[in-house]
Amino acid sequence: MTEPSTNSTAPKLAVPRLLTGQKAIVTGANSGIGRGVALALGEAGADVVVNYVVDDAAAQAVVDQLQAFGVKAMKIKADVSDEDQVVAMFKQMIEAFGTVDILVANAGLQRDSAFKDMTLAQWNKVIGVNLTGQFLCAREAVREFSRRGVVPSISCAAGKIICMSSVHQEIPWAGHANYASSKGGIKQLMESLAQEVAPLKIRVNAIAPGAIRTPINTSAWSTPEAYKALMTLVPYGRIGEPEDIARAAVWLASDQSDYVVGTTLFVDGGMTLYPGFATGG
Ligand code: NAD
């Protein structure tokens with residue numbers, strides 16, 4: 001048997017042009033999954049707002065890459081947990097692009113701690129960005145979607161929201177109670193919102209990534225030992241790449257998934273299949 005490496009066997013696939021003429025905003029789009037999603041939406045033909053809160057140069061690099069696809073792109077700095085900044089960001093986007101068709105509420109972070117040592121600041125930070133941030137962005141998107149309604153030449157739906165959740169909306173995670181709570185909250189936020197706005201032809205869904213190679217979890221994949229340990233949790237036997245999530249996001253944002261409403265799409269290599277039971281139980 002070959003030694004596990006930290007290299008992935010993820011396929012390199014072209015992104016179909018399913019989103020021509022649509023206007024998308026991706027939060028936390030200057031890094032990791034958000035960056036991958038923003039680039040794929042652009043490759044699929046959407047004009048894209050790259051939201052970021054730190055590292056202007058990384059956001060500009062994503063904008064430059066998007067423009068090379070021949071779509072419009074702009075970066076907007078805003079903290080998604082701040083109501084005024086989120087309202088201003090959507091206003092700026094609508095002034096520049098005319099409207100919003102797709103929101104990918106992706107920004108997120110971890111502040112890990114043993115429960116007895118967890119500070120209120122650690123708790124509030126994670127809930128504020130991961131959960132309240134999605135509420136604030138989704139609310140602005142829904143306001144614009146319902147104001148504009150369906151434009152048949154653009155999409156069958158009046159708008160699409162994709163919430164970036166996690167396998168930890170299902171899998172408890174000791175030492176990460178704030179993060180797991182935020183993702184469990186996203187499940188109910190997404191489903192309740194989906195139920196409420198489906199009659200307006202707004203589709204709300206979520207993606208629950210498993211282990212994806214990004215800066216948020218470098219310690220889980222950056223050494224062969226860590227990667228080998230991680231693989232005991234992934235039946236499919238490789239780490240996920242941002243492109244794995246990005247292709248799912250393009251599909252969920254497109255009319256190809258028009259009847260998909262209120263669903264969480266797990267993109268996790270089987271992590272939620274209780275891999276510990278593969279040889280026992
Ligand atoms: P990442 O750290 O590379 O990206 C997170 C992004 O969110 C960064 O651009 C960061 O600057 C941004 N961000 C943080 N706070 C913000 C704020 N207040 N306002 C705006 N942006 C802010 O990590 P990632 O892995 O790409 O994470 C993206 C999303 O995917 C997160 O919601 C995360 O919980 C989720 N996720 C990641 C994994 C994984 O294995 N990488 C697994 C499950 C879920």
Side-chain angles (χ1 to χ4, degrees), residues 8 10 25-40 49-63 75-86 88-90 103-112 122 124-138 162-171 173 176 178-187 189-190 206-222 226-227 230-231 233-234 238-246 248-249 264-269 271-272:
S8 165
I25 176 167
V26 183
T27 65
N30 62 342
S31 176
I33 291 171
R35 175 179 175 279
V37 168
L39 292 174
V49 166
V50 174
N51 160 255
Y52 72 107
V53 72
V54 290
D55 198 349
D56 183 272
Q60 186 57 47
V62 179
V63 167
K75 59 182 160 58
I76 303 181
K77 183 172 183 173
D79 176 345
V80 296
S81 66
D82 182 300
E83 182 174 25
D84 291 343
Q85 292 184 36
V86 171
M89 173 167 69
F90 276 81
L103 162 67
V104 182
N106 165 80
L109 44 70
Q110 293 178 212
R111 292 289 183 271
D112 306 331
Q122 287 172 315
N124 283 340
K125 183 73 179 174
V126 172
I127 298 297
V129 173
N130 295 13
L131 183 56
T132 308
Q134 294 212 5
F135 156 68
L136 291 171
C137 292
I162 299 167
C163 300
M164 202 57 69
S165 185
S166 164
V167 290
H168 296 295
Q169 76 170 39
E170 298 294 335
I171 302 176
W173 204 12
H176 309 258
N178 47 1
Y179 183 84
S181 299
S182 74
K183 297 300 182 178
I186 286 169
K187 177 181 190 292
L189 169 65
M190 182 279 286
I207 296 174
I212 310 299
R213 190 198 307 268
T214 76
I216 211 173
N217 59 359
T218 308
S219 62
W221 52 262
S222 58
Y227 191 85
L230 180 65
M231 286 309 104
L233 302 176
V234 185
R238 71 164 172 86
I239 194 168
E241 303 293 343
E243 292 75 17
D244 290 305
I245 306 303
T264 297
L265 179 55
F266 286 81
V267 183
D268 68 353
M271 188 178 256
T272 37

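Quick caveat: nothing in here was measured; it's all calculated off a predicted structure. Each ligand, and each atom within it, is numbered from 1 in the order the structure gives.
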Q: Going by salt bridge (Lys or Arg N to Asp or Glu O under 4.0 Å), name the residues that satisfy it together with D268, two or more places apart in sequence or in a different chain.
A: none

Q: Under a 3.5 Å threshold, yes or no: a donor from one side chain and an acceptor from the other, between N130 and S182?
A: yes

Q: Do NZ/NE/NH1/NH2 and the carboxylate oxygens of D55 and K77 come within less than 4.0 Å?
A: no

Q: How many angstroms lie between OG in S165 and NZ in K187, if you round to the nearest 0.5 Å?
A: 9.5 Å

Q: Drop me the distance from R35's CZ to T214's OG1, to the nearest 0.5 angstrom.
A: 12.0 Å

Q: With side-chain contact (heavy atoms from CB on, under 4.5 Å) as the criterion, how do M89 and I25 come out once you've worked through the C-alpha distance, each side chain's angles and the decisive distance to 0.1 Å?
A: CA-CA 10 Å; M89 173 167 69; I25 176 167; 3.9 Å; yes

Q: Using a strict cut-off of under 4.0 Å between a residue heavy atom and any atom of ligand 1, list the qualifying protein residues by chain and number.
A: G28, N30, S31, G32, I33, N51, V53, A78, D79, V80, N106, A107, G108, L109, V129, M164, S165, S166, Y179, K183, P209, G210, A211, I212, T214, P215, I216, N217

